[in-house]
There are 2 protein chains.
Amino acid sequence: MANAKRGRPVQYDREQALQRASDLFWSAGFAATSLDDLSAATQMTRPSLAGAFGDKEALYIAALTRYRDASVDAMREILSGKRLLRTELADVLRKATDVYMASADAARGCMLIGTASVEAVHRPAVRRVLQESLGAFNAVLEERIRKAIADGELDPEADATGLASVASAIMHSLAVRARAGEPRDALDKLSDAALDLICGKRP
Amino acid sequence: MANAKRGRPVQYDREQALQRASDLFWSAGFAATSLDDLSAATQMTRPSLAGAFGDKEALYIAALTRYRDASVDAMREILSGKRLLRTELADVLRKATDVYMASADAARGCMLIGTASVEAVHRPAVRRVLQESLGAFNAVLEERIRKAIADGELDPEADATGLASVASAIMHSLAVRARAGEPRDALDKLSDAALDLICGKRP
DNA sequence: ATCTTTTTATGCGAGATCGAATAAAAATGG
DNA sequence: CCATTTTTATTCGATCTCGCATAAAAAGAT
């Protein structure tokens, strides 16, 4: 019979390596992060990196995908539909801002918007991941907004698609502005204004 | 007496060189654009580039600043106040989308949002330009919205600061989505939905 | 016409980057 | 205990990157 798993066992933890690689990509971007940087951060030699993930772009895409999946899951969990849309949406925006400004030094914004956008023009694979990801976030928002319309929290005539795209836009802007160094309260003001427009001004 | 202008006259056109350099930075980003690329595109040798603009980052900042000034001027011109806010704002969003999707191949979005965001984390000078620029665009929008409130086109209770930040957010999102490869009509739908929210749904 | 000044042109060199190729190590199978 | 397989470790080489240093060219000043 053939095998179970022969050969020398891997020493690295794939998830942990992806996490460390993501940190570098997230703050410096794809182009400014070298394989040596990644090798040092993951404590994997370059041949090991190549064997585990392929070339630099493949590693970057794996990091992006992992980030996206975790973020979409987190968003979906907050938008569970158990509370008011306004409450849940405020929570999404606040938690997103937390993540975008989490870094000890300069804020890093959203990894997709902050680092994948540049590469999207000349790297179709990155562009595809970015576009799919924007669509995934938007879809979660739109679904939740449809529920709010059905529940009567929003005007039955409301345009769920349009409102979702505006809500997405607010997140895109939070990501950009965080990375530009805007202070927390400016981001919160944007979120509040957007909530008033999307959900109706609160009394 | 000292001089008028001695020495060999410059052969390059500074504006044209900045234009060509901007094209490269805009599509590939700062990190992925080499001095050799810039030298070839501007038809200036590297020492000439260094003499005229300083190092690569200084050239990039000059390109960003020029782009920003031209864009702010264009926006201010459209938001002249001669027409309805809704009409002028629709014009701003449409023309911005035109620019963001102008490229023959992959759309390049906004040069500031698409390329300066990545660098902003590790390059304070770039971060400063980006933050100032976002503020400049926002200020033009806010001023025009204040006028609309004074003119009675918008509710006198409307929050000009908040509405301006939402309008800015729409532009940020248009920039990101263009670079992500979203189709024109998706961007136009976002603009329409935003106009309905900001200016009030049209009858 | 010669000198001075400023720009352009060419090339050098230290350092980094990335992929691949080769050798050593660690596990299983017979 | 030896062979096979898979990962890890080290190294090399081709290319790119960027700043600088030196030489040539083009203009004004005297």
Side-chain angles (χ1 to χ4, degrees), chain A residues 1-25 27-64 115 118-119 122-123 125-126, chain B residues 1-25 27-64 115 118-119 122-123 125-126:
Chain A
M1 192 174 299
N3 64 334
K5 45 176 179 176
R6 320 221 321 188
R8 180 171 174 171
V10 298
Q11 291 189 321
Y12 56 84
D13 174 347
R14 190 186 166 92
E15 268 306 300
Q16 186 183 43
L18 264 183
Q19 169 67 48
R20 303 234 170 110
S22 295
D23 270 348
L24 293 192
F25 283 136
S27 73
F30 173 81
T33 303
S34 74
L35 279 180
D36 282 330
D37 296 336
L38 293 163
S39 175
T42 58
Q43 290 174 321
M44 294 168 66
T45 60
R46 286 213 306 281
S48 289
L49 275 176
F53 300 105
D55 66 3
K56 194 176 136 184
E57 181 173 317
L59 171 55
Y60 179 56
I61 292 201
L64 283 181
T115 76
V118 225
E119 306 299 332
H122 287 306
R123 296 183 187 271
V126 175
Chain B
M1 188 177 301
N3 62 337
K5 45 176 180 177
R6 320 218 322 187
R8 179 171 175 172
V10 299
Q11 291 188 322
Y12 56 83
D13 174 346
R14 190 186 165 92
E15 268 307 300
Q16 186 182 44
L18 264 183
Q19 169 67 50
R20 303 236 172 108
S22 295
D23 270 348
L24 293 192
F25 283 135
S27 73
F30 173 81
T33 303
S34 75
L35 279 181
D36 283 330
D37 296 336
L38 293 163
S39 176
T42 59
Q43 290 174 321
M44 295 169 65
T45 60
R46 285 211 306 281
S48 290
L49 275 176
F53 300 105
D55 66 2
K56 193 176 136 184
E57 181 174 317
L59 171 55
Y60 179 57
I61 292 202
L64 283 181
T115 76
V118 225
E119 307 299 331
H122 288 306
R123 296 183 186 271
V126 174

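As the structure is a computational prediction, the values presented were derived from the model and not from experiment. Chain naming here is simple, since letters A, B, ... match the order of the sequence lines and numbering starts at 1 in each. The figures that follow rest on heavy atoms only: side chains count, while hydrogens, waters and symmetry mates do not.
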A.B. asks: With a 4.0 Å heavy-atom cut-off, tell me which residues in residues 17-24 of chain A come close to DNA chain D, sorted by residue number.
C.D. replies: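 Output list: empty, so none.
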
A.B. asks: Give, ordered by number, those residues of residues 41-58 of chain A having at least one heavy-atom distance below 4.0 Å to an atom of DNA chain D; if nothing qualifies, reply none.
C.D. replies: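 Here the set is Thr45(A), Pro47(A), Ser48(A).
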
A.B. asks: Suppose we screen for salt bridge (Lys or Arg N to Asp or Glu O under 4.0 Å). Which residues come up paired with Arg123(A), at least two apart in sequence or across chains?
C.D. replies: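 Expected list: Glu57(A), Glu119(A).
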
A.B. asks: List the atom of Lys56(A), the atom of Ala31(A), and the distance in Å for their closest heavy-atom pair.
C.D. replies: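 The answer is NZ-O, 3.8 Å.
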
A.B. asks: Test side chain to side chain contact (heavy atoms under 4.5 Å, CB included) on Thr42(B) and Leu18(B); report intermediate values, then the result.
C.D. replies: CA-CA 8 Å; Thr42(B) 59; Leu18(B) 264 183; over 6 Å; no

A.B. asks: If you look at every heavy atom in Met44(B) and Ala52(B), which pair is closest and at what distance?
C.D. replies: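 The pair with the smallest heavy-atom distance is CE-CB, 4.0 Å.
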
A.B. asks: Nearest heavy-atom pair of Ala32(B) and Ala28(B): which atoms, and what distance?
C.D. replies: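 Minimum heavy-atom separation between Ala32(B) and Ala28(B): CB-O, 3.5 Å.
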
A.B. asks: Within the 4.5 Å heavy-atom criterion, are Leu24(A) and Arg20(A) side-chain neighbours or not?
C.D. replies: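 They are not in contact (no side-chain heavy atoms under 4.5 Å apart), so the answer is no.
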
A.B. asks: Answer whether the closest heavy-atom distance between the side chains of Phe25(A) and Leu64(A) falls below 4.5 Å.
C.D. replies: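 Phe25(A) does not reach Leu64(A) side chain to side chain.
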
A.B. asks: What pairs with Asp36(B) under salt bridge (Lys or Arg N to Asp or Glu O under 4.0 Å), at least two apart in sequence or on another chain?
C.D. replies: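 If we apply the salt bridge (Lys or Arg N to Asp or Glu O under 4.0 Å) test to Asp36(B), skipping adjacent residues, the hits are Arg46(B).
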
A.B. asks: Taking DNA chain D as the partner, which of residues 30-40 of chain A come within under 4.0 angstrom of it by heavy atom?
C.D. replies: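 Here the set is empty: none.
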
A.B. asks: Do we see a donor-acceptor contact under 3.5 Å between the side chains of Tyr60(A) and Thr115(A)?
C.D. replies: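 Tyr60(A) vs Thr115(A): donor-acceptor pair found between side chains.
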
A.B. asks: Can you measure Arg14(B) atom CZ to dT7(C) atom C1' for me and round it to whole angstrom units?
C.D. replies: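 One finds 15 Å between C1' of dT7(C) and CZ of Arg14(B), rounded.
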
A.B. asks: Applying side chain to side chain donor-acceptor pair (under 3.5 Å), can you list everything that pairs with Ser48(B), at least two apart in sequence or on another chain?
C.D. replies: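 Listed in chain order: Thr45(B).
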
